[in-house]
Novice: 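Pasting in a structure now, in structure tokens, and then I'll have a few things to ask.
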Amino acid sequence: MNILAVESSCDETAVAIVRDGREVLTDCIASQVAEHRIYGGVVPEIASRKHVEAIYGLADEALLKTGLTRDDIDAVAVTYAPGLIGAVLVGVNFAKAAAMALGKPLIPVHHIRGHIAANYLAFPELKPPFLCLVVSGGHTMIVEVEDYTKMRILGTTLDDAAGECFDKVGRVLGMPYPGGAALDKAAQTGSDKAYPMPRPKPGENPYDMSFSGLKTAALNTIHHARQLGEEIDIPGLCASFCAAVSDTLVPRVAMALKETGHKQLAVAGGVAANSVIRRDILAAAENLGVKVYLPPLSLCGDNAAMIGAQAYYEYLAGNTAGMELNAYATKSILGETL
Ligand code: KG4
Ligand code: ZN
């Protein structure tokens, strides 16, 4: 089954063709990062307009690159939530029009389910059940993937997502948007003991996390040093920050692995590219005799192939939509409107 998949929830316009949920025939991406960089973050209105400009050409490019014709497409999939509403709407409307014109099923896909499914593309042997750590720009959660379309959230951030904090701290340090990758690189040469950073334990649920205090602590450290005219040890600050994020995530994942007994762990989302988190997750899982799936960096960030992968399993579960499909800025991974 060839699925034409569309992703436009943030600042990447992407169209992919994925066969049977596992084989990427092509994955075309038009990144808008350069457009948003001068503003230090994504400007929603610019994002929507850029999606409109790019999406038709990308779909043509996907067909051209694979040598497939429109008749070879068996279904159209699209990220319908969550994301910047104007941006998601562009993809949803394009996908609806394509599905109607082709007379093929329309498959709505939750963006975070897509991030998890990136692992199916990277690791053909991976099948549910498994535990998944989701760390993206907008989401941070520990999820039990009981089946391809059946999930349980064990814990989530109660405030900011890890990626948001990376971007904010990176921005204040003068790093180009999005700051996560630059901050990770700077951390390589620093000491993670350079600055004290908090590791909060919020709420009743031991799997829940909090990052806003850590973000504030990092920002205060920077502002304080600037006010006093003191030099900031940037690699040390980045290393201390990465260590605190990792110390918030990894022990909770280890606890979840122990308590649930899962023997497979997948990691998903843009922040899964972080080298400190990758190193610590590998070490923790090895200690517990758990197999870890860490997607390559190209599949950690936003792309349409991951949407095509999840779409196949949503289709098998009967989760298709009609022309009434709407876009949602927020929606839980379990499908509940928030
Ligand atoms: O999953 P994603 O591409 O988009 C969302 O769905 O949000 O994640 C983007 C996030 C950004 O916050 C970016 O700074 C972060 O992933 N990121 C990283 C790294 N590479 C990307 N954060 C930490 N370390 C990295 N190496
Ligand atoms: Zn994403």
Side-chain angles (χ1 to χ4, degrees), residues 5-14 16 27 29 31-33 36-37 40-42 44 47 78-84 87-88 91 109-119 132-141 143 156-157 160-173 175-188 190 192 211 214-215 218 237-246 248-250 266-281 294-307 309-310 329-331 333:
V6 177
E7 156 63 42
S8 69
S9 64
C10 190
D11 56 356
E12 324 273 2
T13 324
D27 189 9
I29 302 185
S31 176
Q32 310 173 357
V33 164
H36 299 290
R37 194 159 268 170
V42 180
V78 63
T79 299
Y80 78 110
L84 301 169
V88 188
V109 176
H110 189 283
H111 181 77
I112 298 301
R113 288 188 178 209
H115 272 300
I116 296 171
N119 283 280
C132 187
L133 169 65
V134 178
V135 266
S136 74
H139 293 76
T140 306
M141 56 178 111
V143 182
T156 175
T157 179
D160 297 345
E164 263 172 85
C165 300
F166 271 105
D167 294 345
K168 188 69 204 284
V169 174
R171 183 158 91 184
V172 173
L173 286 173
M175 293 168 172
Y177 168 84
L183 207 151
D184 186 3
K185 192 155 175 253
Q188 314 278 320
D192 61 9
F211 291 97
L214 171 59
K215 179 180 77 181
L237 186 89
C238 294
S240 304
F241 181 79
C242 287
V245 172
S246 185
T248 303
L249 298 169
V250 178
V267 188
V271 184
N274 185 266
S275 51
V276 176
I277 298 171
R278 288 173 93 89
R279 182 199 66 201
D280 293 351
I281 280 278
L294 280 169
L297 302 197
S298 59
L299 282 170
C300 289
D302 288 347
N303 63 84
M306 68 186 198
I307 302 303
Q310 180 62 22
T330 55
K331 197 174 257 296
I333 193 170

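Numbering of ligands and ligand atoms starts at 1, following listing order.
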Novice: Kindly indicate, with the supporting measurements, whether the criterion side-chain contact (heavy atoms from CB on, under 4.5 Å) is fulfilled by Val42 and Cys10.
Specialist: CA-CA 8 Å; Val42 180; Cys10 190; 4.0 Å; yes

Novice: Counting only heavy atoms and a distance below 4.0 Å, can you name the residues contacting ligand 1?
Specialist: His111, His115, Ser136, Gly137, Gly138, Gly163, Phe166, Asp167, Pro178, Gly180, Ala181, Asp184, Gly269, Gly270, Val271, Ala273, Asn274, Gly301, Asp302

Novice: Can a donor-acceptor pair be found, under 3.5 Å and without considering hydrogens, that links the side chain of Gln32 to the backbone of Ala47?
Specialist: yes

Novice: Counting N and O atoms only, with roles assigned by atom type, does the side chain of Asp11 sit under 3.5 Å from a partner on the main chain of Ser31, one being a donor and the other an acceptor?
Specialist: no

Novice: With sequence neighbours excluded, tell me which residues meet side-chain contact (heavy atoms from CB on, under 4.5 Å) with Asn303.
Specialist: Asp27, Ile29, Leu299, Ala305, Met306

Novice: Within this structure, what is the CG-CD1 distance for the pair Leu249 and Ile281, rounded to the nearest 0.5 Å?
Specialist: 7.0 Å

Novice: Could you state the interatomic distance from SG (Cys242) to CG (Asp192), rounded to the nearest 0.5 Å?
Specialist: 9.5 Å

Novice: What is the distance from atom NZ of Lys168 to atom CG of Leu183, rounded to the nearest 0.5 Å?
Specialist: 13.5 Å

Novice: Could you work out, with ring pair (Phe, Tyr, Trp, His ring centres under 6.0 Å) as the rule, every residue matching His110, not counting sequence neighbours?
Specialist: none

Novice: Could you tell me which non-hydrogen atom of Val271 sits nearest to which non-hydrogen atom of Ser136, and how far apart they are?
Specialist: CG2-O, 3.8 Å

Novice: Sort by chain and number the protein N/O/S atoms found under 2.8 Å from the Zn ion (ligand 2).
Specialist: His111 NE2, His115 NE2, Asp302 OD1

